[in-house]
Amino acid sequence: LSLPSHHPVLIEKYQYFGAVTAMLAVGQLDPAAFTALSQFEWQHRDLSAELPTQGLCLQRSLGDQCNFRLSLHGQTGVLLAEARGSGVILNDRDVGAWRAKSRKAALAAGAAAPERLTPPASIGCGVEGVSFISPAQDLDGPLRCKAFVPTEGGFHPAHPFHTGSGDHVNAGQLFDCAFQLAHLAIGADQPLRCLGGSARFLRFVELDVPFEIALTDRRDEAGTQELDFAFSQLGRDSARISLRVAAA
């Protein structure tokens with residue numbers, strides 16, 4: 001909660017705890033079930049520094065598919081942000097064995113981590129923040145960078161705010177990587193505000209294995225910029241994330 005109210009990692013946490021808690025509350029999700037977010041989009045309706053304290057989640061589940069809409073409100077009831085998304089409940093497989101096999105294969109590929117990471121202060125993280133991305137390169141084609149999220153150092157308490165299962169690079173960490181690269185793409189000297197965005201998650205990104213992020217499109221509109229990013233790991237498409245940002 002020390003993050004700015006517009007930070008994409010914060011909105012992702014509200015998404016996760018809002019939607020999952022709602023499904024648990026109405027008995028549509030087994031607490032032991034393994035869930036995976038597949039799509040998510042959001043936009044801020046009020047850019048004040050106020051943090052959401054209450055919300056409304058409308059959700060619908062059919063089989064192993066679930067969809068939700070989430071509105072986030074401040075203490076006085078003002079609408080701060082709206083989001084919607086969809087996911088899948090993985091009840092058709094032995095998730096532990098499946099994930100262990102995938103992680104073992106990724107680690108065995110032996111891909112090298114970036115030799116150096118971008119200084120945190122230059123990508124909106126502050127001097128005591130944590131960088132996950134290498135310096136950007138655009139010598140051939142689109143602006144791109146390598147990224148690396150370690151098991152040791154990628155989660156709280158070693159990391160100041162990222163939490164999660166530790167099974168894979170989670171949505172919040174992917175949003176953080178995209179937001180960091182947005183600062184490099186724009187050349188922002190100061191932290192940007194994220195006004196909204198969208199994401200499609202295609203496959204799990206493994207921890208301790210480098211992955212690549214490429215800026216695939218960029219659109220300017222009325223003082224804001226919308227940036228599209230493609231994520232891949234070991235040659236396989238992993239995610240697509242778009243962020244709409246503006247100067248803070």
- Query: Do any N or O atoms from the side chain of Thr35 and from the backbone of Ala33 form a donor-acceptor pair under 3.5 angstrom?
  - Reply: no
- Please report the closest heavy-atom contact between Pro8 and Phe175, naming both atoms and the distance. O-CD1, 3.9 Å
- Verdict with reasoning, Ser38 to Val88, per side-chain contact (heavy atoms from CB on, under 4.5 Å): CA-CA 7 Å; Ser38 54; Val88 61; 5.6 Å; no
- Query: If two hydrophobic side chains count as joined below 4.5 Å and joins carry through other members, does Leu202 share a cluster with Phe34?
  - Reply: no
- Task: Tell me, with the steps shown, if Ser198 and Ile241 meet side-chain contact (heavy atoms from CB on, under 4.5 Å).
- Result: CA-CA 6 Å; Ser198 63; Ile241 294 177; over 6 Å; no
- Is there side-chain contact between Tyr16 and Phe40, with at least one heavy-atom pair below 4.5 Å? no
- Message: Over 60° means perpendicular and under 30° means parallel, so tell me whether His7 and Phe161 are parallel, tilted or perpendicular.
- Response: perpendicular
- Below 4.5 Å, heavy atoms only, C-beta onward: do Ser71 and Leu56 meet side chain to side chain? yes
- Between Glu212 and Lys146, does at least one N-O distance fall below 4.0 Å, as a salt bridge requires? no
- Message: If I take atom CD from residue Gln180 and atom CD1 from residue Ile123, how far apart are they, to the nearest 0.5 angstrom?
- Response: 3.5 Å
- Side-chain contact, heavy-atom cut-off 4.5 Å: Pro150 with Leu207? no
- Here the pair of heavy atoms bringing Leu192 nearest to Val245 is CD1-CG2, 4.1 Å
- Would you find a donor on one side and an acceptor on the other, under 3.5 Å apart, between the side chain of Ser134 and the backbone of Pro114? no
- Where do Ile213 and Cys177 come nearest, in terms of heavy atoms and distance? CD1-CB, 3.7 Å
- Message: Counting only heavy atoms from other residues, nucleotides and ligands, does the tally under 6.0 Å from CZ of Arg219 exceed 12?
- Response: yes
- Message: My understanding is that only one of Gln233, Gln173, His168 makes a side-chain contact (heavy atoms from CB on, under 4.5 Å) with Val205; could you say which?
- Response: Gln233
- Determine whether Arg116 and Pro135 make a side-chain contact, defined as any pair of heavy atoms from C-beta on separated by less than 4.5 Å. yes
- Item | Beyond-backbone contact of Cys194 with Trp42, side-chain heavy atoms, under 4.5 angstrom | yes
- Message: Under the criterion side-chain contact (heavy atoms from CB on, under 4.5 Å), I'd like the reasoning laid out for Asp64 against Leu90: C-alpha separation, chi angles, the key distance, then a yes or no.
- Response: CA-CA 7 Å; Asp64 62 353; Leu90 299 172; over 6 Å; no
- Message: Can you tell me how far apart CG (Leu80) and OG1 (Thr53) are? Round to the nearest 0.5 Å.
- Response: 8.0 Å
- Query: Between Arg244 and Gln225, does a side-chain hydrogen bond (donor to acceptor under 3.5 Å, both in side chains) hold up when you go through it step by step?
  - Reply: CA-CA 6 Å; Arg244 186 162 55 91; Gln225 295 195 45; over 6 Å; no
- Arg45 bridged to Glu82 by N-O distance under 4.0 Å: yes
- Message: Using a 3.5 Å distance criterion without hydrogens, assess whether the side chain of Tyr14 forms a donor-acceptor pair with backbone atoms of Pro52.
- Response: yes
- Query: Is the number of heavy atoms from other residues, nucleotides or ligands within 6.0 Å of CZ (Arg240) greater than 12?
  - Reply: yes
- Query: Can you tell if the side chain of Leu243 reaches within under 4.5 Å of the side chain of Phe179, non-hydrogen atoms only?
  - Reply: yes
- Message: Measuring from atom CZ of Phe229 to atom CG of Leu174, what distance do you get when rounded to the nearest 0.5 angstrom?
- Response: 12.5 Å
- Verify, without hydrogens or angle tests, whether Gln54 (side chain) and Gly74 (backbone) share a donor-acceptor contact under 3.5 angstrom. yes
- Message: Assess whether a salt bridge exists between Asp208 and Arg103, defined as any Lys/Arg side-chain N lying under 4.0 Å from an Asp/Glu carboxylate O.
- Response: yes
- Are the side chains of Leu72 and Ile11 in touch, meaning some heavy atoms are under 4.5 Å apart? yes
- Message: Side-chain heavy atoms nearer than 4.5 Å, only ILVMFWY residues, links allowed to pass through others: does that put Val169 and Phe201 together?
- Response: yes
- Task: Decide whether Leu227 and Leu143 are clustered together by the hydrophobic rule: side chain heavy atoms of Ile, Leu, Val, Met, Phe, Trp, Tyr closer than 4.5 Å, transitively.
- Result: yes
- Query: Could you give the distance from CD1 (Ile133) to CG (Asp176), rounded to the nearest 0.5 Å?
  - Reply: 9.0 Å
- Task: List for me each residue that meets side-chain hydrogen bond (donor to acceptor under 3.5 Å, both in side chains) alongside Thr21, sequence neighbours excluded, and say none if there are none.
- Result: none
- Any idea which heavy atoms bring Ser131 and Leu117 closest together, and the distance? O-CD1, 3.3 Å
- Item | Salt bridge flag under 4.0 Å for residues Arg99 and Glu206 | yes
- Task: Could you check whether the rings of Phe132 and His159 sit parallel, tilted or perpendicular, using 30° and 60° as the cut-offs?
- Result: parallel
- Report yes or no: do Leu234 and Leu107 belong to one cluster of Ile/Leu/Val/Met/Phe/Trp/Tyr joined by side chain heavy-atom distances under 4.5 Å? yes
- Message: For a quick test of reading the model, state the closest non-hydrogen atom pair linking Leu10 to Pro4 and the distance between them.
- Response: CD2-O, 3.6 Å
- Query: Within a reach of under 6.0 Å around CD of Gln75, are more than 12 heavy atoms found that belong to other residues, nucleotides or ligands?
  - Reply: no
- Does one hydrophobic cluster hold both Leu58 and Leu70, with members joined at side-chain heavy-atom distances below 4.5 Å? no
- Query: Between Arg84 and Glu41, is any pair of side-chain heavy atoms under 4.5 Å apart?
  - Reply: yes
- Separation between OG of Ser48 and NE2 of His6, rounded to the nearest 0.5 Å: 11.0 Å
- If you measure from CG on Asp228 to OG on Ser242, what distance do you get to the nearest 0.5 Å? 3.5 Å
- Task: Evaluate ring-ring contact (aromatic ring centres under 6.0 Å, His included) for Phe204 paired with Trp98, printing each intermediate quantity in order.
- Result: CA-CA 11 Å; Phe204 287 108; Trp98 172 58; 5.7 Å; yes
- Message: With a 6.0 Å cut-off (strictly less than), is the heavy-atom count around CZ of Arg60, excluding the residue itself, greater than 12?
- Response: no
- Looking only at atom types and distance, does a side-chain atom of Asn170 sit under 3.5 Å from a main-chain N or O of Thr163, one as donor and one as acceptor? yes
- May I have the step-by-step check of side-chain contact (heavy atoms from CB on, under 4.5 Å) for Leu37 and Gln39, ending in yes or no? CA-CA 6 Å; Leu37 184 67; Gln39 294 186 67; over 6 Å; no
- Item | Closest contact, heavy atoms only, Ser122 versus Leu184 | O-CD2, 4.4 Å
